[in-house]
Amino acid sequence: TRTGVFRSTNAGASWTKVLDATAVNGCMDLAIQYYQEDNQNYVFASCGTFAQATVWRALDVDQGQTWEPVLREVDMGRTSLAIAPSNPKVIYALASFYHLPAAHAKDYAMRAVYRSTESGAAGTWEARVDYQDATTLNTLQLTNPVYAFLGDCGFGEENLPIYTQGWYDNQIAVDPKDENVVWTAGIDLMRSDDGGRNWGVASYWWFGDGDPNYAHADNHAITFHPKYNGASNRQMFVASDGGVFRTNDARAAVGTTLASVCGDPVQGQVQWTSLNNGYQVTQFYHGAVFPDSSTFFGGTQD
């Protein structure tokens, strides 16, 4: 929540705060190891939004739980977490950039993708890629890929890598059957096939609705089919400001070239199907009432 992590031990009837994060505007993500029956399991919390972020770890036990900071880097803002189902000792963190005390041009862009292969213990996290990477495409998980190459694509006078949204759409997920296949949800969807070092685009928010490579912008959730096996079942679902989309092949190709970012998908690139059949929802930003109170006006987004 906005003030920290709460836990219930009676099926939600009552709650106790177990980690206070009021000073950093709360905790935005949780991840729990739950496959290791013969090992100690940990719960992780990412705390800090519009503030310095920290990843905390505690034993997943009923009593005597103690939280310790395990990842805290300079300019690390809102951070999302994901544990590899096929190897729970592997955990990833997607961190946005947030500079204190003054605003910075890179705020809310990607700070880094971190990985620990030792159950997230302090000192075991490696930055697989960070914002200084020489390959621009590897740094765009939390910004607008096509705008970052706007000039190179011939769509504008210059590249505009300034549309950063890591405070808003920021999620990471790991392929259930391969600890090195990692997805991120930002303005567009991206995927790495080598443990977070190199990345490719997997969706195009700016394509026409109905195009097989189109998925709506501002993605907030990634989940795999319960029977995903990486072979006969490769279905994956994403949720965004535009609803729910599905791909039937989460192992299909992603675009790693300038041409693919500019709108020329590679052969066999990931395709999407909208599942918004009869889905009705409206997000109001503001409203006003007619003087006689009989009519209401509202401004909406997506």
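Sequential numbering from 1 along the given sequence is applied to the chain's residues.
Among N198, D178, V182, V181, the single residue meeting the side-chain contact (heavy atoms from CB on, under 4.5 Å) criterion with D193 is V181. Each of T79, V113, L81 was scored for a side-chain contact (heavy atoms from CB on, under 4.5 Å) with I172, with one residue passing: V113. Screening D29, L71, L30, V5 for a side-chain contact (heavy atoms from CB on, under 4.5 Å) involving S46 leaves a single residue, D29. Remark: of the listed residues D133, T256, D130, D133 is the sole one forming a side-chain contact (heavy atoms from CB on, under 4.5 Å) with N138.
With no hydrogens or angles considered, a side-chain donor-acceptor pair links H220 and D241 at under 3.5 Å. Between the side chains of T49 and N25, no donor N or O sits under 3.5 Å from an acceptor N or O. Using modelled atom types, one finds no donor on one side chain facing an acceptor on the other under 3.5 Å when comparing D194 with N180. Residues T295 and D292 have side chains that never bring a donor and an acceptor to within less than 3.5 angstrom of each other. Donor-acceptor pairing under 3.5 Å is lacking for the side chains of N219 and Q171. Between Q33 and S119, the side chains place a donor N or O and an acceptor N or O closer than 3.5 Å (distance only, hydrogens not considered). A donor-acceptor contact closer than 3.5 angstrom links the side chains of W205 and N144.
One hydrophobic cluster, built from ILVMFWY side chains closer than 4.5 Å, cannot hold both Y92 and M28; they sit in different ones. V70 and W56 fall into different hydrophobic clusters, defined by Ile, Leu, Val, Met, Phe, Trp and Tyr side-chain heavy atoms under 4.5 Å apart, directly or through other members. Connection of V174 to Y228 is established within a shared hydrophobic cluster, with ILVMFWY side chains joined at heavy-atom distances below 4.5 Å, either directly or through further cluster members. Residues V270 and W206 share a hydrophobic cluster, clusters being chains of Ile/Leu/Val/Met/Phe/Trp/Tyr side chains in contact below 4.5 Å. In the hydrophobic cluster analysis, where Ile, Leu, Val, Met, Phe, Trp and Tyr join through side-chain heavy atoms closer than 4.5 angstrom, F149 is grouped together with F155.
Relative ring orientation between Y204 and F207 is described as parallel, the plane-to-plane angle staying below 30° on a 0-90° scale split at 30° and 60°. Ring-plane geometry between Y147 and Y163 is classed as perpendicular, the angle between the planes exceeding 60 degrees on a 0 to 90 degree scale with a lower cut at 30.
Here Y108 and Y98 bring their ring centres to under 6.0 angstrom of each other. In summary, the aromatic rings of Y214 and F245 are positioned with their centroids under 6.0 Å apart.
With sequence neighbours excluded, the residues that form a side-chain hydrogen bond (donor to acceptor under 3.5 Å, both in side chains) with N170 are S80. Under the rule for a ring pair (Phe, Tyr, Trp, His ring centres under 6.0 Å), the partners of H104 that lie at least two apart in sequence or sit in another chain are F97, H99.
Environment of CG in D62: sparse, with no more than 12 heavy atoms of neighbouring residues, nucleotides or ligands closer than 6.0 Å.
Judged by distance alone, with hydrogens and angles left aside, the side-chain atoms of T139 form a donor-acceptor pair with the main-chain N or O of T136 at under 3.5 Å. Listed for the E73 side chain is no donor-acceptor partner under 3.5 Å among the backbone atoms of T54. No donor-acceptor distance shorter than 3.5 angstrom exists from the side chain of R111 to the backbone of M76, with no hydrogens or angles considered. Using a distance-only test at 3.5 Å, with no hydrogens or angles considered, no donor-acceptor pair links the side chain of N213 to the main chain of Q271.
Between D175 and R191, none of the side-chain N atoms (NZ, or NE/NH1/NH2) sits under 4.0 Å from a carboxylate O, so this pair counts as no salt bridge.
Closest non-hydrogen pair, I32 versus I83, comes out as C-CD1, 3.5 Å. Across all their heavy atoms, P145 and V201 have their closest contact at CB-CG1, 4.0 Å. Among all heavy-atom pairs drawn from W67 and A45, the shortest one is CZ3-CB, 3.7 Å. G196 and V129 make their closest contact through O-CG1, 3.3 Å (heavy atoms, listed as atom of the first residue, atom of the second, distance).
To the nearest 0.5 Å, atoms CD (Q301) and CG (D218) are separated by 7.0 Å. Atom OG1 in T300 sits 10.0 Å away from atom OH in Y285 (nearest 0.5 Å).
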- request: Please report the C-alpha distance between V261 and L137 in whole Å, then the side-chain angles of each, then the deciding distance to 0.1 Å, and finally whether the side chain to side chain contact (heavy atoms under 4.5 Å, CB included) criterion is met.
  value: CA-CA 9 Å; V261 176; L137 183 54; 3.8 Å; yes
